Amino acid sequence: MGAFPDCPEPMKQQLAQLLSTAVATLQADGALPADLSVEIQLERTRDRKHGDFASNLAMMLCKAARSKPRDLAERLLAALPASDIVIRVEIAGPGFINFFLAPSAYHALLQQVLADGEKFGRSDIGAGKSVQVEFVSANPTGPLHVGHGRGAAYGATVADLLEAVGHKVHREYYVNDAGRQMNILAASVYLRYLDLCGETLTFPSNGYKGDYVWDIGASLHRKHGEALRHSTDEVFRDVTADEPQGGDKEAHIDDLIERIRTLLGETHYREVFDLGLNAILENIRRDLEEFGVHYDAWFSERSLTEGGAVERALERLKASGHVYEKNGALWFRSTDFGDEKDRVIVRDNGQTTYFASDIAYHMNKLERGYDRVIDIWGADHHGYVPRVKAALTALGDDADKLDVLLVQFAILYRGGERMQMSTRSGEFVTLRELRHEVGNDAARFFYVLRKCEQHMDFDLDLAKSQSNENPIYYIQYAHARVASVFRQLQDKGFSWNPENGAKHLDRLSESHEDELIVMLSRYPEIVEAAALNHEPHQLAHYLRELANAFHTYYNAHQFLVDDNDLRDARLNLIQATRQVIANGLGLLGVSAPDSM
RNA sequence: GCCCCGGUAGCUCAGUAGGAUAGAGCAACGGCCUUCUAAGCCGUGGGUCAGGGGUUCGAAUCCUCUCCGGGGCGCCA
């Protein structure tokens, strides 16, 4: 443990070490095949009658040993080296090896929590490996809505967890600042501007209808007055009819974009475009920042095109021989790599597709030398995974370095009715509204309470009306209660002597105390599992259990007792509890208040 | 049609790379505040783990089929 030379190996690792020594001994004796590679499995027991940790090792190896599980367990037990932290080992059931830990092991752990403080639970098992995590990356065509919130909370927490276990994490937002959607936004802004100039027009059915588009149109008007105004007749001349008028909504908006572009000229058009882009991007940035979601980089899609990266990616693909021309377009033969069909990378009109940019982007990510690259996408993009991996493989890159984590939708209900989440129609609940309604803490916690592949039903009315019953308050309350106890210390004429407490931890003999200490000792294992499996919900659930153990203890026993030794020992315990809750909530981006 | 995710208590969900008698919250019911914050605690009831078949010492967990729900299958991004 290079980063923390003072802290002993976690209990679990120590026990695993004992078992592997025993296995090696049996292998030397010929009781087990020498070439057998053994993976030690140890797990927390569900019932303390079975000790603290259990291993199914004997049952796993009984075939290789040509022996009954219980017999093998006996031999393993005999070969087990002595250890300070183990008080007893038993064989139980079909052949489980159950470890009972010494109280001193738990007492040492308690002191370690106090000594490590906010570092407790962190580790360096990530060994400094670099990981890039890209998440949210919503198109800057409108404010973030509650659907994006899940990706934001999940991505931020996964990133923080990975950092906590020793990875070097780079958080990135991919800004889709090129492409058709942004042009539609620019056109929408311009049309709202014309409206404010006094023009009468029918807004395209495919335009962005949200109120924020009016706002951007208004700031365009403030800046330029009527200088950019063109008559409705001029703008809509020769434009394909919109769908409600019996035409084609896609052609209608595309024609409008071209028309507006021509009328404004490239400079002014770009100005309108950038005004929309920057206004929305700034809004998104602030929103995420307020949500406790921070980025190291905002990566522009346009920079890929302008910097020649797309061109370079296409050249490399061509050189790989997996590209062909058909119907005037350029295709990538992704079927060579298991994709279900080939994909266009340059359209017949000469424009590169979004996919082409994405190939260039992922090429760029790998060129930056990360050990791992994690993309967090909405589940609706799942079909996209094979083609991106196919492209990386075709480029000669290691596609296995890329992990795509798919986050299922949060389905929003209000008044029992399902709500649509369409940026285009302007009908959506923004992330900001949600944060204001239920608070940042509750929102962050709620989003990571379920594993990412689980669909999420989110009843807004319920979240609002029951905000006091949200589990987050239960956890925060436990933290506040500890703080409150310490505030009461002086009022009662006591003081806390942690050194004295450390000397009398054996006074913590109540079953509630025992259970709480065991819960605390699990924390490093939980952080590790949550990080490596990208499952923040494990930490969220753990914290609830920890809070439960604390509340139960709180109700059963008085901490501020007259007995100095017992009082100090109990204060050590609850201070450690407070520390672990604060650390865990911190990793989830949730505050740990001292009073509520 | 093909692909991805899900189906566990009335509701919302956990179940740790198969492990010992299936858990929690909410909802329901019954208790606990002259004592460190009752946003709390204690207790009760509630389940053919969607269904069939298979794999093995052992399956909610792995394989397979069926049924149900959500999403995806563009020269859109």
Side-chain angles (χ1 to χ4, degrees), chain A residues 39 41 43-47 49-50 54-56 59-60 62-63 68-69 92-96 98 139 141 176 178-182 184 250 301 326-331 340-341 343-349 351-355 357-358 378-386 406-409 411 449-459 462 466-474 476-478 480-489 491-492 522 525-526 529-530 532-533 535 537-538 540-542 544-545 547-548 550-561 570 574 595-596:
Chain A
E39 199 166 344
Q41 288 191 26
E43 56 182 15
R44 290 276 178 172
T45 55
R46 233 185 303 172
D47 189 336
K49 285 201 294 274
H50 300 136
S55 177
N56 58 359
M59 291 176 292
M60 304 262 308
C62 62
K63 271 193 185 148
K68 289 181 191 166
F96 288 105
N98 293 338
N139 283 346
T141 53
N176 297 120
R180 183 161 172 265
Q181 296 307 320
M182 289 307 299
I184 294 176
E250 304 291 348
E301 176 187 358
K326 191 177 92 183
N327 301 336
L330 198 64
W331 296 69
E340 54 190 20
K341 54 190 284 192
R343 311 291 174 177
V344 172
I345 46 179
V346 182
R347 292 198 281 263
D348 57 7
N349 65 9
Q351 283 188 312
T352 55
T353 59
Y354 175 82
F355 180 42
S357 297
D358 232 9
D380 54 334
H381 286 70
H382 89 266
Y384 207 74
V385 179
L406 299 171
V407 179
Q408 293 291 328
F409 285 150
I411 303 168
L449 196 51
R450 281 155 186 79
K451 57 185 175 195
C452 68
E453 62 264 36
Q454 180 71 257
H455 299 240
M456 181 183 279
D457 286 337
F458 196 149
D459 189 322
L462 207 68
Q466 297 196 337
S467 62
N468 281 1
E469 291 165 26
N470 191 305
I472 189 56
Y473 296 101
Y474 182 82
Q476 291 179 320
Y477 185 44
R481 271 183 153 176
V482 178
S484 175
V485 170
F486 278 91
R487 280 194 298 270
Q488 305 271 335
L489 255 185
D491 296 350
K492 301 211 171 195
R522 287 176 54 200
E525 295 159 31
I526 296 290
L532 299 185
N533 298 318
E535 292 183 341
H537 77 275
Q538 284 195 38
H541 284 274
Y542 163 81
R544 216 219 152 262
E545 285 180 57
N548 176 250
F550 172 77
H551 286 307
T552 300
Y553 178 37
Y554 180 97
N555 274 275
H557 301 285
Q558 193 78 13
F559 306 146
L560 300 178
V561 292
R570 286 185 169 170
I574 67 169
S595 67
M596 292 177 68

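Treat the numbers as computed from the prediction; the structure is a model and nothing was measured. In what follows, every chain begins at residue 1, and chains take the letters A, B, ... in the order their sequences are listed.
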What pairs with A/Tyr542 under side chain to side chain donor-acceptor pair (under 3.5 Å), at least two apart in sequence or on another chain?
none
Can you identify which nucleotide, out of B/C36, B/C3, B/U37, has its nearest atom closest to the A/Gln558 side chain?
B/C36
Return the nearest nucleotide to the side chain of A/Asn555; candidates are B/C41, B/G69, B/C73.
B/C41
Nucleic acid footprint by protein, nucleotides 56-62 of chain B - heavy-atom cut-off 4.0 Å, B for base, S for sugar-phosphate alone
-S-----
Quiz question: going by heavy-atom distance under 3.5 Å, is there a donor-acceptor pair between the base of B/C41 and the side chain of A/His551?
no
Hey, does A/Arg544 reach any base, or is it just sugar-phosphate, or nothing, if we go heavy atoms under 4.0 Å?
sugar-phosphate
Residue A/Gln408, side-chain heavy atoms: nucleotide from B/C75, B/C5, B/C76 that is nearest:
B/C5
Of all the choices, B/U37, B/C73, B/A77, which nucleotide is nearest to the side chain of A/Met596 once you look at every atom?
B/U37
Checking contacts here: which listed nucleotide (B/G6, B/C36, B/A14) is nearest the side-chain heavy atoms of A/Arg450?
B/A14
Among B/U37, B/G40, B/C36, the one nearest any side-chain atom of A/Leu560 is B/C36
Looking only at the side chain of A/Glu43 (C-beta and beyond, no hydrogens), which of the listed nucleotides B/G19, B/C73, B/A14 gets closest?
B/G19
Check ring pair (Phe, Tyr, Trp, His ring centres under 6.0 Å) between A/Phe355 and all other residues, then give those that pass, not counting sequence neighbours.
A/Tyr384
Regarding A/Asp348, tell me which of base, sugar-phosphate or nothing describes its non-hydrogen contacts under 4.0 Å with the strands shown.
base
Could I get the full list of ring pair (Phe, Tyr, Trp, His ring centres under 6.0 Å) partners for A/His382, not counting sequence neighbours?
none
A/Ala540: partners by side chain to side chain contact (heavy atoms under 4.5 Å, CB included), with sequence neighbours left out:
A/Phe445, A/Leu449, A/Leu588
Scan A/His537 against the nucleic acid and name what it touches under 4.0 Å (heavy atoms): base, sugar-phosphate only, or nothing.
sugar-phosphate
With a 4.0 Å cutoff (strictly under), does any side-chain N or O of A/Tyr384 reach OP1 or OP2 of B/C76?
no
Which nucleotide in the set B/A39, B/U35, B/A77 lies at the smallest distance from any side-chain heavy atom of A/Tyr473?
B/A39
Identify whether any heavy atom of A/Ala178 sits under 4.0 Å from a base atom; if not, whether one sits that close to sugar-phosphate; answer base, sugar-phosphate or nothing.
sugar-phosphate
Report the residues that fulfil side chain to side chain donor-acceptor pair (under 3.5 Å) with A/Gln538, sequence neighbours left out, ordered by chain and then residue number.
A/Glu535
Nearest to the side chain of A/His50, heavy atoms from C-beta on, is which of B/G40, B/U21, B/C73?
B/U21
Just to be sure I understand the rule, does A/Asn533 reach a base, reach only the sugar-phosphate, or reach nothing, if contact means heavy atoms closer than 4.0 Å?
nothing
Ignoring hydrogens and angles, does a donor from either the side chain of A/Asn56 or the base of B/G19 sit under 3.5 Å from an acceptor on the other?
yes
Look at the side chain of A/His541 against the base of B/C13 and say whether a donor-acceptor pair falls under 3.5 Å; ignore hydrogens and angles.
no
